[in-house]
Amino acid sequence: MSADQTLLAFETDCHIFEGCGFPAPGLHSFVFEPLFKIGGIEFNKPMLLAILGSLVVVGFFWAAFGKAKVVPGKLQMIGETGYDFVRRGIVYEALGKKQGDKYVPFMVSLFFFVWIMNLWSIIPVASFPVTSIIAYPAGLALVVYVMWVFLTFKKHGFTGGWKNITGYNKELGWVLPLIVVIEGLSNLIIRPFTHAVRLFANMFAGHLLIVMFTIASWYLLNGIGIAYAGASFLMTVAMTAFEVFIQAVQAYIFVLLATSYIQGALSEHH
């Protein structure tokens, strides 16, 4: 990538009416040079944030429940509220208490991990949602996909598992082959693809908009452009506030879909 293609986020000598074009953000805004190497592994900013996100989630729940008390303190109360939200609001709603209890720890971990990965976008210095890099949502979706396939065949056996995946039902008559193809493609290819892309696309677009309005606020800060810079700054604040809401919603949707897939794997085939 050449220097003129790289977004200089901290460029301070380029403003409107000075003969320089607007340094619009683009795909290059999501490319990072390695920060350091450990052995032969290069670590860039998104990788570091992903690791820190994992440590934050583990550290928070360790601090909240490591020495749990009957009368909870503030941190334990926050932890219990978050845990209970995922347990009752997502897992129990889809799987029921008896069947869902064993999946609660995984879904709680998944929810808070996705949330903190999204939340890095509005945290100073970090300022980047890790899930806007497709590899991370794809990796998480792959974990859910493997679990769904494993549980499907474990619950229904080899033949029953394929029937569950393809929607096989002899009563469908002549449309059965078409249904089998459609359901098979939907469950085996489209489902994991959309599960990953839904999260990725929302975080990618949201970050791009925030970066664009942030850069525009500085770029317009010259002469009569100051009035437009103020409007752009207000849009930056509004988009950031909206992004906070979207980050939580996307974590919720990702885990809700994961739970619904597990529910489909465990349900009886008709």
Side-chain angles (χ1 to χ4, degrees), residues 1 3-33 35 44-50 52-53 56-57 60 74 78 81-82 85 89 111-137 194 196-256:
M1 181 177 293
D4 61 331
Q5 292 177 303
T6 304
L7 176 63
L8 302 178
F10 301 102
E11 184 79 31
T12 58
D13 59 354
C14 182
H15 296 281
I16 194 171
F17 308 130
E18 292 184 351
C20 56
F22 175 63
L27 293 178
H28 52 278
S29 305
F30 298 82
V31 177
F32 296 88
E33 294 296 326
L35 297 173
N44 59 18
K45 184 176 181 178
M47 293 173 68
L48 181 61
L49 291 178
L52 290 176
V56 167
V57 173
F60 170 76
K74 292 182 179 179
I78 294 172
T81 300
F85 168 74
F111 175 85
F112 283 97
F113 180 64
V114 172
W115 191 21
I116 192 64
M117 295 266 275
N118 296 345
L119 205 59
W120 284 127
S121 173
I122 61 165
I123 296 177
V125 180
S127 304
F128 186 79
V130 180
T131 45
S132 65
I133 303 293
I134 185 61
Y136 295 94
T194 56
V197 169
R198 182 181 286 104
L199 174 61
F200 156 73
N202 278 278
M203 292 301 101
F204 180 92
H207 181 66
L208 199 60
L209 285 172
I210 291 175
V211 171
M212 183 181 69
F213 282 111
T214 301
I215 295 174
S217 299
W218 180 256
Y219 177 72
L220 295 169
L221 199 61
N222 186 31
I224 194 174
I226 292 177
Y228 302 107
S232 180
F233 177 74
L234 291 177
M235 281 299 300
T236 303
V237 174
M239 288 301 303
T240 301
F242 183 66
E243 190 68 5
V244 173
F245 171 72
I246 294 299
Q247 288 162 357
V249 169
Q250 287 304 311
Y252 174 81
I253 292 174
F254 193 87
V255 175
L256 182 66

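Only heavy atoms go into these numbers, but all of them, side chains included; no hydrogens, no water, no symmetry mates. Each residue takes its place number in the sequence, starting with 1.
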Legend entry - Smallest separation among heavy atoms of Asn44 and Glu33, with atom names: CB-O, 3.8 Å
Legend entry - Where Ser132 and Phe128 come nearest, the two heavy atoms and their spacing: OG-CZ, 3.2 Å
Inset, instruction - Side-chain contact test, heavy atoms from C-beta onward, threshold under 4.5 Å: evaluate it for Gln247 versus Ser121 and give yes or no. - result: yes
Inset, instruction - Could you tell me the separation between the CG atom of Leu119 and the CE atom of Met203, rounded to the nearest 0.5 Å? - result: 10.0 Å
Legend entry - Side chain to side chain, Leu208 and Phe30, heavy atoms closer than 4.5 Å: yes
Inset, instruction - Could you grab the distance from atom OH of Tyr136 to atom CG of Leu49, nearest 0.5 Å is fine? - result: 8.5 Å
Inset, instruction - Identify the two heavy atoms, one from Ser217 and one from Phe233, that lie closest to each other, and give their separation to 0.1 Å. - result: OG-N, 3.1 Å
Inset, instruction - Measure from the side-chain N and O atoms of Thr236 to the backbone N and O of Phe213, and report whether any donor-acceptor pair falls under 3.5 Å. - result: yes
Inset, instruction - For Pro137 and Ile133, work out which heavy atoms get closest and say how close. - result: CD-O, 2.9 Å
Legend entry - Side-chain heavy-atom pair Val197, Phe204 within 4.5 angstrom cut-off: no
Legend entry - Heavy atoms of other groups near Phe242 CZ, more than 12 under 6.0 Å: no
Inset, instruction - Of all the heavy-atom pairs spanning Ser232 and Leu220, show the shortest one and how long it is. - result: CB-CD1, 4.4 Å
Inset, instruction - Could you check if a side-chain atom of Leu52 sits within less than 4.5 angstrom of a side-chain atom of Trp120, using non-hydrogen atoms only? - result: yes
Inset, instruction - Please report the closest heavy-atom contact between His207 and Pro129, naming both atoms and the distance. - result: ND1-CD, 3.3 Å
Legend entry - Leu199 vs Asn118 side-chain heavy atoms within contact, under 4.5 Å: yes
Legend entry - Short side-chain to backbone donor-acceptor contact, Ser29 and Gly26, under 3.5 Å: yes
